[in-house]
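FYI, the numbering just counts along the sequence from 1. Values below: every heavy atom of this structure, side chains too, minus hydrogens, waters and symmetry copies.
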Amino acid sequence: MLVLKFGGTSVGQPERMKKVASLCLATPGKKVVVLSALSGTTNALVRIGDALLEGRSAEEEISALERHYLDFVPRLYDSDSFRAIGNEIVSRYFIFIRLLAAGQFDQKSYRELLAQGELISTELFYQHLQERKVPARLLPALHFMSIDENEEPELEKISQRLKPLISSLSNVDIIVTQGYICRNHRNEIDNLKRGGSDYTASLIGAAIGAEEIQIWTDIDGMHNNDPRVVKNTFPIKELTFEEASELAYFGAKILHPSTIVPAQKYNVPVRLKNTMDEQAPGTIITSKDSESIVKAVATKDGITAIRIKSSRMLMAYGFLRRVFEVFEQYKTPIDMITTSEVAVSVTIDNNTHLRSILTELEKYGTIDVDENQSIISIVGNRITGSEGVLKRIFDALEHIPIRMVSCGGSNNNISVLVSTVYKEKALIALNEGLFGLKQ
Ligand code: ADP
Ligand code: ASP
Ligand code: MG
């Protein structure tokens with residue numbers, strides 16, 4: 001059994017959605033098909049939700065989104081009867097969105113609003129399969145996908161719910177479900193954070209012990225550098241789970257940061273494919289050991305670096321524990337850490353509790369804070385011990401001020417922290433220094 005996930009751009013136009021159906025039909029065997037919302041929809045829902053939370057009217061934005069769907073429907077379906085079904089789906093969802101908007105709008109309503117994108121895209125797609133007379137089933141993700149009070153997916157429970165559901169559908173080859181959405185520990189509608197449909201696919205793949213998880217998107221696999229910033233990049237054929245995990249976590253947007261975790265735990269290969277060019281080989285991610293070379297560079301923005309200086313306490317045992325406990329107390333993960341004899345620097349990517357964290361840390365020393373930083377991660381199998389890699393990295397970054405360096409934490413990752421204003425320059429320099437590619 002396969003899990004196939006199609007992202008927003010892959011279903012964002014009626015012709016693309018039809019192509020997705022054809023790709024599913026061309027793939028032999030039984031498969032779970034995970035869909036995102038049409039591209040632009042979740043961003044629009046975020047704008048609507050923000051306006052409503054602030055007490056502003058969102059009617060203009062809601063109407064614009066509705067018009068987008070009313071234009072989509074006649075181009076997706078061929079017959080009048082299915083166009084009528086499509087219009088009914090759109091009306092139903094927009095009645096509900098306006099109901100949410102008219103009510104007491106709180107964080108719970110906001111999360112419910114965000115879920116509408118995946119719910120509507122899967123219904124429209126399912127009806128398209130019906131029109132093509134393809135035996136398929138729509139399996140609501142809200143019936144099996146759940147997270148606990150720490151927002152961690154409940155993989156065991158998901159598996160227990162999903163396995164019997166899927167085996168009961170023995171005569172259907174295409175099982176369609178929503179990416180991104182889930183239920184939380186209060187049984188409310190919630191989500192797996194932006195880009196979370198990849199994570200849904202991986203969780204399903206792990207939960208049912210799939211043969212392979214395929215992530216279909218708008219690019220031909222994981223590239224060696226960020227294609228949004230650097231012009232001359234190329235797709236990588238093979239990656240290990242560890243390498244892909246580091247790249248996803250450190251900013252390669254093609255994968256949600258947590259996607260690899262369940263796949264790796266249950267050893268299910270992840271294949272990245274291009275919906276616009278299905279012949280392109282893409283990237284295969286497995287446990288297979290690979291060459292010890294630099295594979296790719298990724299970057300994560302919105303980083304804050306915090307330095308705690310304390311000549312008196314740093315070398316005393318228990319000091320680091322107390323510092324880390326502050327971050328634990330505010331549920332704020334640390335990405336990079338470096339220490340010297342008199343100071344420790346850490347980075348975080350979530351500033352929600354920054355003020356409270358700083359107030360607590362001031363008890364332990366003098367604090368310096370640098371916001372608007374970017375982590376640049378250089379990833380490859382066992383690169384930390386490879387001869388010459390560090391020299392090539394630092395030669396390439398010769399003219400860029402580096403705030404922190406992290407090497408040796410994992411065998412597969414060397415990270416540097418730079419101010420975001422230097423990010424583009426650094427990525428271009430690394431593309432030339434590590435891969436010989438000029439901009
Ligand atoms: P989807 O809507 O299918 O989930 P995303 O926009 O989330 O697609 O992810 C695909 C995008 O990720 C690509 O269009 C590309 O711009 C971006 N991206 C960032 N880093 C990388 C990388 N290293 N390799 C490939 N794509 C990347
Ligand atoms: N639709 C959601 C988002 O835009 C989830 C996803 O596309 O993966 O973040
Ligand atoms: Mg995505």
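- Within the 4.5 Å cutoff, the side chain of Val73 has no heavy atoms near those of the Phe82 side chain.
- In plain terms, the two heavy atoms of Val268 and Ala210 that are nearest each other are CG1-O, 3.3 Å.
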For this session: Kindly indicate, with the supporting measurements, whether the criterion side chain to side chain contact (heavy atoms under 4.5 Å, CB included) is fulfilled by Lys5 and Ile204.
Result: CA-CA 10 Å; Lys5 176 260 168 175; Ile204 294 178; over 6 Å; no
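- Checking side-chain atoms of Ser202 against main-chain N and O of Thr259 turns up a donor-acceptor pair under 3.5 Å.
- Between Asp106 and Lys108 there is no salt bridge, since none of the side-chain N atoms of the basic residue sits less than 4.0 Å from a carboxylate O of the acidic one.
- Of the N and O atoms on the side chains of Ser146 and Arg161, at least one donor lies less than 3.5 Å from an acceptor on the other residue.
- Using a 4.5 Å heavy-atom threshold, the side chains of Leu38 and Phe72 count as touching.
- The line from CZ of Arg56 to CD of Glu61 is 9.5 Å long, rounded to the nearest 0.5 Å.
- In this structure, the side chains of Phe94 and Tyr69 come closer than 4.5 Å at one or more pairs of heavy atoms.
- Counting non-hydrogen atoms of neighbouring residues, nucleotides and ligands closer than 6.0 angstrom, the CD atom of Glu54 exceeds 12 such neighbours.
- With a 4.5 Å cut-off on side-chain heavy atoms, Ile213 and Ile285 do not count as touching.
- Side chains of Arg132 and Ser22: a donor-acceptor N/O pair is present below 3.5 angstrom, by distance only.
- Under the 4.0 Å criterion applied to side-chain N and carboxylate O atoms, Arg47 and Asp50 are not assigned as salt-bridge partners.
- For the 3.5 Å distance criterion, the side chains of Asp301 and Ser374 qualify, holding a donor opposite an acceptor.
- The CG atom of Leu255 sits 9.0 Å away from atom OG1 of Thr283, with the distance rounded to the nearest 0.5 Å.
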Exercise. Taking it one step at a time, do Glu118 and Ser197 satisfy side chain to side chain contact (heavy atoms under 4.5 Å, CB included)?
Worked result: CA-CA 9 Å; Glu118 272 67 14; Ser197 299; 3.8 Å; yes
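- Within the 4.5 Å cutoff, the side chain of Thr384 has heavy atoms near those of the Ile414 side chain.
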Problem set entry | side chain to side chain contact (heavy atoms under 4.5 Å, CB included) assessment of Glu59 paired with Arg98 | CA-CA 8 Å; Glu59 183 47 41; Arg98 288 194 172 90; 3.0 Å; yes
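- Between the Asp335 side chain and the Thr347 main chain, no donor and acceptor come within less than 3.5 Å of each other.
- Tyr199 places no side-chain N or O within donor-acceptor distance of the main-chain N or O of Pro257, the cut-off being under 3.5 Å.
- Judged by distance alone, with hydrogens and angles left aside, the side-chain atoms of Ser159 form a donor-acceptor pair with the main-chain N or O of Ala207 at under 3.5 Å.
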Exercise. Could you walk me through whether Leu203 and Leu192 pass the side chain to side chain contact (heavy atoms under 4.5 Å, CB included) check?
Worked result: CA-CA 11 Å; Leu203 288 164; Leu192 302 173; 4.1 Å; yes
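- No side-chain heavy atom of Lys331 sits less than 4.5 Å from a side-chain heavy atom of His353.
- The CD1 atom of Ile375 sits 7.5 Å away from the OH atom of Tyr249 when rounded to the nearest 0.5 Å.
- Note that CG of Leu45 is 10.0 Å distant from CG of Leu100, once rounded to the nearest 0.5 Å.
- A donor atom on one side chain and an acceptor atom on the other are not found under 3.5 Å apart for Thr9 and Ser39.
- In this structure, Gln178 contributes its side chain and Ala141 its backbone to a donor-acceptor pair below 3.5 Å.
- Across Thr42 and Ala37, no two heavy atoms sit closer than the pair OG1-CB, 3.7 Å.
- Atom CG of Asp190 and atom CZ of Arg183 lie 10.5 Å apart (nearest 0.5 Å).
- Looking only at side-chain heavy atoms (C-beta outward), Phe327 and Ile306 come within less than 4.5 Å of each other.
- The two residues Leu142 and Ile189 have their closest heavy-atom pair at CD1-CD1, 3.8 Å.
- Under a 3.5 Å cut-off, the side chain of Asp370 and the backbone N or O of Ala305 do not form any donor-acceptor pair.
- A donor-acceptor pair shorter than 3.5 Å cannot be found between the side chains of Ser258 and Lys193.
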For this session: With side-chain hydrogen bond (donor to acceptor under 3.5 Å, both in side chains) as the test, would you mind laying out the steps for Glu246 and Asn413 before giving the verdict?
Result: CA-CA 7 Å; Glu246 301 267 10; Asn413 181 334; 2.7 Å; yes
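- The side chain to side chain contact (heavy atoms under 4.5 Å, CB included) test with Leu76 is passed by exactly one of Glu131, Met17, Gln127: Met17.
- At least one donor-acceptor pair under 3.5 Å links the side chain of Lys31 to the backbone N or O of Gly29.
- Of the N and O atoms on the side chains of His223 and Asp220, at least one donor lies less than 3.5 Å from an acceptor on the other residue.
- No salt bridge links Glu15 with Lys19; every basic N to acidic carboxylate O contact stays at or beyond 4.0 Å.
- The minimum heavy-atom distance between Ile219 and Pro227, with the atom names listed, is CD1-CG, 3.6 Å.
- Between the side chains of Asn43 and Arg194, at least one donor-acceptor pair of N or O atoms lies under 3.5 Å.
- In this model, a donor atom of one side chain and an acceptor atom of the other lie less than 3.5 Å apart for Thr304 and Asn351.
- The two residues Glu88 and Arg92 come nearest to each other via the heavy atoms OE2-NE, 2.7 Å.
- Residues Thr177 and Met145 form no side-chain contact, since every pair of their non-hydrogen atoms from C-beta on lies 4.5 Å or further apart.
- What you find for Ala136 and Gln130 is that their closest heavy atoms are O-OE1, 4.5 Å.
- Here Lys273 contributes atom NZ and Leu23 contributes atom CG; the two are 9.0 Å apart, rounded to the nearest 0.5 Å.
- Under a cut-off of 6.0 angstrom, the local environment of CD in Glu151 is sparse, with at most 12 non-hydrogen atoms contributed by other residues, nucleotides or ligands.
- For Leu70, the side chain to side chain contact (heavy atoms under 4.5 Å, CB included) partners at least two apart in sequence or on another chain are Glu66, Asn87, Val90.
- No side-chain donor from either of Asn232 and Asn431 sits under 3.5 Å from a side-chain acceptor of the other.
- Between the Arg83 side chain and the Pro74 main chain, a donor and an acceptor come within less than 3.5 Å of each other.
- Within a 6.0 Å radius of CD in Glu149, more than 12 heavy atoms belonging to other residues, nucleotides or ligands are found.
- A donor-acceptor contact shorter than 3.5 Å is absent between the side chain of Lys288 and the backbone of Glu238.
- Using modelled atom types, no side-chain atom of Glu243 and backbone atom of Asn412 make a donor-acceptor pair closer than 3.5 Å.
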